[in-house]
Amino acid sequence: MSKMKEYRVKTSVRRLVYTLSLIAILMYVLLILEEIHGRMPQKGIIALFLSMIPIVIISMRATKKNRIIVTGESIISIGLMTKTELKFSEIKGFDTLRFPYKLNVLEYIRIFSGSGKKYIDISNFIENRNELKSFLNSKITNFDK
């Protein structure tokens with residue numbers, strides 16, 4: 001893998017998040033309008049719904065922005081507000097973490113730096129994850145074995 005390779009959130013997951021987010025925003029707007037036009041609007045409910053809209057928009061943005069980039073020298077994780085780069089020379093190895101333990105419900109590949117202070121998590125929602133895991137097996141130590 002000499003060229004740069006990018007891994008994004010799976011298309012099906014992105015579509016699900018976008019669809020559910022748009023439905024949630026529409027529901028919140030309709031509920032806000034219903035509360036405003038009600039006889040005695042409750043300010044707390046309106047504030048709650050107004051605060052949920054930015055949270056939903058942020059989750060949509062995070063889904064679009066999250067990616068893993070593998071170059072010839074490093075692995076880079078780009079999130080909504082973070083960017084972590086681990087050079088292959090500083091990587092100690094990787095492990096597979098399962099939540100709940102021993103079930104495949106949520107599974108992360110965690111790549112550790114030699115210092116232990118920096119790491120990159122790769123969720124099972126990333127496209128071509130098996131290809132990425134095969135590459136990692138050939139390049140760095142797998143602590144699962």
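Keep in mind it's a predicted model, so treat the numbers as computed, not measured. For the numbers below, each heavy atom of this structure counts, side chains included, while hydrogens, waters and symmetry mates do not.
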Judged by atom type as modelled, is there a donor-acceptor pair below 3.5 Å linking the side chain of Ser59 to the main-chain atoms of Val56?
yes

Is there side-chain contact between Tyr108 and Thr96, with at least one heavy-atom pair below 4.5 Å?
no

Given the rule that I, L, V, M, F, W and Y join up when any side-chain heavy atoms are under 4.5 Å apart, are Leu30 and Ile55 in one cluster?
no

Step by step, work out the side-chain contact (heavy atoms from CB on, under 4.5 Å) result for Phe94 and Asn137.
CA-CA 9 Å; Phe94 74 96; Asn137 272 321; 3.3 Å; yes

Between Leu80 and Thr82, is any pair of side-chain heavy atoms under 4.5 Å apart?
no

Whether Glu90 side chain and Lys87 backbone form a donor-acceptor pair below 3.5 Å
yes

Ile25 to Met60 - nearest heavy-atom pair and separation:
CD1-SD, 4.4 Å

Partners passing side chain to side chain donor-acceptor pair (under 3.5 Å) against Thr11 (at least two apart in sequence or in another chain)
Arg14

Got Ile122 and Tyr7 here, is their nearest side-chain heavy-atom distance under 4.5 Å?
no

Contact check, side chains of Ile78 and Ile69, non-hydrogen atoms, under 4.5 Å:
yes

How far apart are the C-alpha atoms of Asp95 and Phe112, what are their side-chain angles, what is the distance that settles it, and do they pass the side-chain contact (heavy atoms from CB on, under 4.5 Å) test?
CA-CA 8 Å; Asp95 198 0; Phe112 299 95; 3.7 Å; yes

Counting C-beta onward and ignoring hydrogens, is there a side-chain heavy-atom pair between Met4 and Val70 closer than 4.5 Å?
no

Which pairs count as salt bridge (charged side-chain N to carboxylate O under 4.0 Å, His left out) when at least one residue sits in residues 66-77, sequence neighbours excluded?
Glu6-Arg67

Residues 114-121 side chain polar contacts: donor-acceptor under 3.5 Å, at least two apart:
{"residue": "Ser115", "atom": "OG", "partner": "Ser113", "partner atom": "OG", "Å": "3.1"}
{"residue": "Ser115", "atom": "OG", "partner": "Lys117", "partner atom": "N", "Å": "3.3"}
{"residue": "Lys118", "atom": "NZ", "partner": "Glu85", "partner atom": "O", "Å": "2.8"}
{"residue": "Asp121", "atom": "OD1", "partner": "Arg110", "partner atom": "NE", "Å": "2.7"}
{"residue": "Asp121", "atom": "OD1", "partner": "Arg110", "partner atom": "NH2", "Å": "3.4"}
{"residue": "Asp121", "atom": "OD2", "partner": "Arg110", "partner atom": "NH2", "Å": "2.8"}

Determine whether Phe125 and Leu16 fall in the same hydrophobic cluster, where Ile, Leu, Val, Met, Phe, Trp and Tyr are linked whenever their side-chain heavy atoms lie under 4.5 Å apart.
no

How far does CD of Glu131 sit from NZ of Lys5, to the nearest 0.5 angstrom?
4.0 Å

Find out whether the Lys NZ or Arg CZ of Lys139 is both under 6.0 angstrom from the six-membered ring centre of Phe135 and within 45° of the ring's axis.
no

Any side-chain heavy atom of Leu136 sitting closer than 4.5 Å to one from Ile75?
yes

CG (Leu97) and OG (Ser123) are apart, to the nearest 0.5 Å, by 12.0 Å

Apply side-chain contact (heavy atoms from CB on, under 4.5 Å) to residues Lys10 and Ile126 and explain how you reach the verdict.
CA-CA 5 Å; Lys10 293 177 183 176; Ile126 295 291; over 6 Å; no

One should read off an interatomic distance between Ile111 CD1 and Ser77 OG, to the nearest 0.5 angstrom, of 8.5 Å

List in chain and number order the residues that pass salt bridge (Lys or Arg N to Asp or Glu O under 4.0 Å) with Arg129, two or more places apart in sequence or in another chain; answer none if no residue qualifies.
Glu107

In terms of hydrophobic clusters joined by side-chain contacts under 4.5 Å, are Met81 and Ile58 together?
yes

With sequence neighbours left out, write down each residue that passes side chain to side chain donor-acceptor pair (under 3.5 Å) with Arg61, or none if nothing qualifies.
none

How many angstroms lie between atom CG of Asn130 and atom CG of Leu132, to the nearest 0.5 angstrom?
9.5 Å

Who else is in the cluster with Met27 when I, L, V, M, F, W and Y are joined by side-chain contacts under 4.5 Å?
Ile23

With a 4.5 Å limit on heavy-atom distance, are the side chains of Ile76 and Ile68 in contact?
no

